[in-house]
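Read through the structure below, which is laid out as structure tokens, and then see the notes.
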2 protein chains.
Amino acid sequence: MSAHGFERHDHKRCVATALAEAEARATAEGLRLTPVRRRVLELLLEDHRAQGAYDILARLQAEGLGAQPPVAYRALDFLTKNGFAHRIERLNAYVACTEGAGEHAPMFMICKGCERVGEIGETAAGAGLKAEAAAAGFAVERQVIEAEGLCPDCAGTGA
Amino acid sequence: MSAHGFERHDHKRCVATALAEAEARATAEGLRLTPVRRRVLELLLEDHRAQGAYDILARLQAEGLGAQPPVAYRALDFLTKNGFAHRIERLNAYVACTEGAGEHAPMFMICKGCERVGEIGETAAGAGLKAEAAAAGFAVERQVIEAEGLCPDCAGTGA
DNA sequence: GCAGGTATTGTAATGTTATAACATATCTAC
DNA sequence: GTAGATATGTTATAACATTACAATACCTGC
Ligand SMILES: [Zn+2]
Ligand SMILES: [Zn+2]
Ligand SMILES: [Zn+2]
Ligand SMILES: [Zn+2]
């Protein structure tokens with residue numbers, strides 16, 4: 001089931017799976033999923049909305065896990081560098097990864113109605129981008145593919 | 001000459017053409033290309049690098065054209081809304097459009113070596129994005145497609 | 001177990017990007 | 001020339017991000 005995050009689903013299971021996979025991969029690859037990092041991942045997993053670094057920071061502060069911006073940014077850097085989360089450039093915010101595997105260059109769909117962000121792992125858009133870049137002799141190191149609009153639910157309600 | 005901005009070219013002509021087209025389109029569509037807006041467009045056209053709002057603001061200040069952030073942001077908003085310039089989300093910065101026509105959803109190639117930004121008007125990436133979104137029932141209003149890496153010149157030098 | 005190096009966290013200060021809100025001026029249409 | 005719309009001037013503040021350095025935790029070899 002190609003979960004892009006908008007369809008109805010058992011989100012508790014969704015969270016549990018993601019967390020378990022993260023733990024497993026961290027162990028396998030010798031990554032240290034420390035308390036702050038793990039907690040930030042949990043916070044991002046709470047729903048499929050993107051959260052800003054300062055939203056995360058506020059939560060950490062409330063829990064006594066860190067008081068200054070670098071605490072949040074460092075955890076988010078760790079999570080994004082290792083593919084547990086992604087940064088949404090359009091929003092200057094972060095979402096938990098819903099595609100599990102390590103390296104990937106996904107595309108995102110950002111709903112202006114409900115603020116959810118859907119992820120698609122490998123896309124025609126990504127392939128197209130690589131092809132265009134190659135044709136121009138451009139060597140791609142990182143790519144950003146984001147669509148902003150209305151998710152199926154929100155488009156239906158005319159919102 | 002599908003100018004993506006990286007190839008060698010007569011940049012004076014490049015600027016003159018863009019400016020003339022902007023004037024023409026502004027007149028045709030009843031848009032007001034005021035002194036500040038026109039000057040900001042000129043500043044963006046100076047080269048094919050992206051410039052931050054505060055870079056622009058500094059230039060305006062030096063020229064006595066405006067002293068506060070909103071002056072720069074408003075001009076940039078006008079230019080981007082009307083397709084004379086584009087915002088590069090990855091850089092929180094702005095480039096002049098090199099594709100002339102009105103509505104378009106381009107992709108950008110951001111060089112980490114020389115900081116130039118190349119634009120491609122309509123791309124396979126854009127088409128792919130639309131297709132993926134449609135398949136997911138997502139209604140796209142705006143899209144962001146940006147590749148970061150090395151341009152042909154910079155990739156050659158191993159930089 | 002303990003020294004020494006590496007990775008992580010704590011904290012203060014600061015830098016950068018962006019907007020809200022409201023006053024004033026300019027343009028356009030009638 | 002007056003009214004309404006559009007654009008600009010200005011203050012203040014919000015939102016996002018990093019630098020720099022100190023302290024601690026952790027691993028690893030001995
Ligand atoms: Zn879920
Ligand atoms: Zn939605
Ligand atoms: Zn040029
Ligand atoms: Zn370059």
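Just so it is clear, the structure is predicted and the values come from calculations on it, not from any experiment. Reminder, nothing fancy here: chain letters follow the sequence lines and each chain counts from 1.
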Kindly state whether the pair B:Y54 / C:dT17 counts as stacked, where counting means centroids closer than 5.5 Å and planes tilted less than 30° apart. yes

At less than 4.0 Å, is any side-chain N or O atom of A:R87 found next to OP1 or OP2 of D:dA17? Yes or no.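 So the side-chain polar atoms of A:R87 do come within 4.0 Å of the phosphate oxygens OP1 or OP2 of D:dA17, strictly under.
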
Can you tell me if A:R74 touches the phosphate of C:dA7, counting only side-chain N or O atoms and a distance under 4.0 Å to OP1 or OP2?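 The answer is no; no side-chain N or O of A:R74 sits under 4.0 Å from OP1 or OP2.
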
Per atom distances to the A:Y73 side chain, the nearest of D:dC16, C:dT8, D:dT8 is D:dC16

Per B:V71 side chain, nearest of listed nucleotides D:dT10, D:dA17, C:dT9: D:dT10

Atom-pair distance ([atom1] on [X]; [atom2] on [N]), nearest Å:
X: B:N92; N: D:dC16; atom1: CG; atom2: C1'; answer: 9 Å
X: B:R90; N: D:dC16; atom1: CZ; atom2: P; answer: 17 Å
X: B:I88; N: C:dA18; atom1: CD1; atom2: P; answer: 12 Å
X: A:D77; N: C:dT8; atom1: CG; atom2: P; answer: 12 Å
X: A:L91; N: C:dT17; atom1: CG; atom2: C1'; answer: 15 Å
X: A:D55; N: D:dA15; atom1: CG; atom2: C1'; answer: 10 Å

Determine the contact category for A:R32: base if any of its heavy atoms lies under 4.0 Å from a base atom, sugar-phosphate if only primed atoms, P, OP1 or OP2 are that close, otherwise nothing.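 Sugar-phosphate, backbone atoms only, no base.
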
Heavy-atom nearest nucleotide on DNA chain D for A:G52 versus B:P70: which residue maps closer to 5'?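 Whichever sits nearer the 5' end wins; that is B:P70.
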
When you match B:G64 and B:P69 each to their closest nucleotide on DNA chain D, which lands nearer the 5' end?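 With B:G64 and B:P69 compared, the 5'-side residue is B:G64.
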
